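Just follow the structure's listing: the first ligand is 1, and inside any ligand the first atom is 1. All values below were derived from every heavy atom in this structure, side-chain atoms included, with hydrogens, water molecules and symmetry-related copies excluded. Values in this document were obtained by computation on a predicted structure and should not be read as measured data. This chain uses plain numbering: 1 for the first residue, then up along the sequence.
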Amino acid sequence: MSGSFSLAIHGGAGVLTRSRMTPEREAATNDALDRVLATGEAVLSRDGSAVDAVTAAVCALEDEPMFNAGRGAVFTRDGHQEMDAAIMDGRACRAGAVAGLFGPQNPILAARAVMETTDHVLMIGQGALDVVRAAGLTFREADYFFTQGRWDALQRTLKMEREGALDDDPSRRHGTVGAVARDRSGALAAATSTGGMTAKRSGRIGDSPVIGAGTFADDATCAISATGDGEVYLRLCVAHEIAARMRLAGQSLEQAAGGVILTDLGAAGGSGGLIGVDRDGAVTLPFNCDGMYRGWSVEGQDRGTAIY
Ligand code: ASP
């Protein structure tokens, strides 16, 4: 597959259960995934870089209010939105990430600004906002990020907590967006962005912005973007574990990602999924729950979107 591109995107493993999904909503979701895929493909088909393709795809996902990242991010238990994002360029394993941020329209561009304009990898708070401002990125007010659906989900979750009746509906617990790509030169990149988990404590940071947990890319092995129970992904160092199994045990991407997601994640009490691409352009999209909003495009071979 040398010389061809591959791209995969996800809109989170927090899918609506089949019983609550309507044909209209399913069609709208697949349309949105298709548009995002086309955004990334447009970069790669012009011989653009993997890092530009994942940036473009994740910006499009962040701007789409149906997904939990950027506009449409979930609320913390005290009614705020705190966003996490990370990007990694597999060429020299450079990375940038932000956590607990509110204000930038596209948290993934904030993460990229950390990668490209500072000596650091992970930034929070005022320092991170200063980097975003210096990079000239767009800021938005609270009403831009607000969606009634996410607000209602917070109220339902808090009510269930008060009544001691918290369910494990994945569409309430999960959500995140991400993209991985291999460009025509063979370079890999990964990007992940999230509002985190509904009703999380203020200051809680998940796996998405932690390099090696929810996001990882190394041209020698693979690029990974994860979605699911962040605390379990953090403890298992999911994304790096997959790269390590490929590098040290000679496993294929499919074997390594399948072993971590289909065996280890559940054994550790977690649910979710991930998207991955290896240095030859092979794509994998495993999940251990009801579904994962996802799309994939392997140049000249295969293209599609799916939910369940
Ligand atoms: N992994 C994300 C987090 O823990 C949430 C998700 O992907 O569902 O913040």
Residue Asp207 vicinity, atoms of ligand 1 by number, heavy atom under 4.0 Å: 1 (N), 2 (C), 3 (C), 4 (O)
Separation of Ile275 CD1 from Met292 CE (nearest 0.5 Å): 7.0 Å
Phe146 and Trp151 aromatic ring geometry - parallel, tilted or perpendicular at 30°/60° bounds: tilted
Gly175 near ligand 1 by a heavy-atom separation under 4.0 Å: yes
NZ or CZ of Arg18 within 45° of Tyr308 ring axis and under 6.0 Å: yes
Close N or O approach (Thr176, ligand 1; < 3.5 Å): yes
Contact check: Ala226 vs ligand 1, nitrogen or oxygen atoms, below 3.5 angstrom: no
Enumerated ligand 1 atoms positioned under 4.0 Å from heavy atoms of Thr227: 6 (C), 7 (O), 8 (O)
Identity of the nearest option to atom 4 (O) of ligand 1, non-hydrogen atoms only, from Arg204, Lys200, Glu82, Glu231: Arg204
Sub-4.0 Å atoms of ligand 1 with respect to non-hydrogen atoms of Gly196: 9 (O)
Between Thr284 and Glu254, a side-chain donor and acceptor under 3.5 Å: no
N or O pair under 3.5 Å between Met197 and ligand 1: no
Heavy atom of Gly214, distance to ligand 1 below 4.0 Å: no
Test item: side-chain donor near acceptor, Ser225 and Thr192, under 3.5 Å: yes
Salt-bridge contact Glu82-Arg204 (side-chain N to carboxylate O under 4.0 Å): no
CD1-OG1 distance between Ile87 and Thr55, expressed to the nearest 0.5 angstrom: 3.5 Å
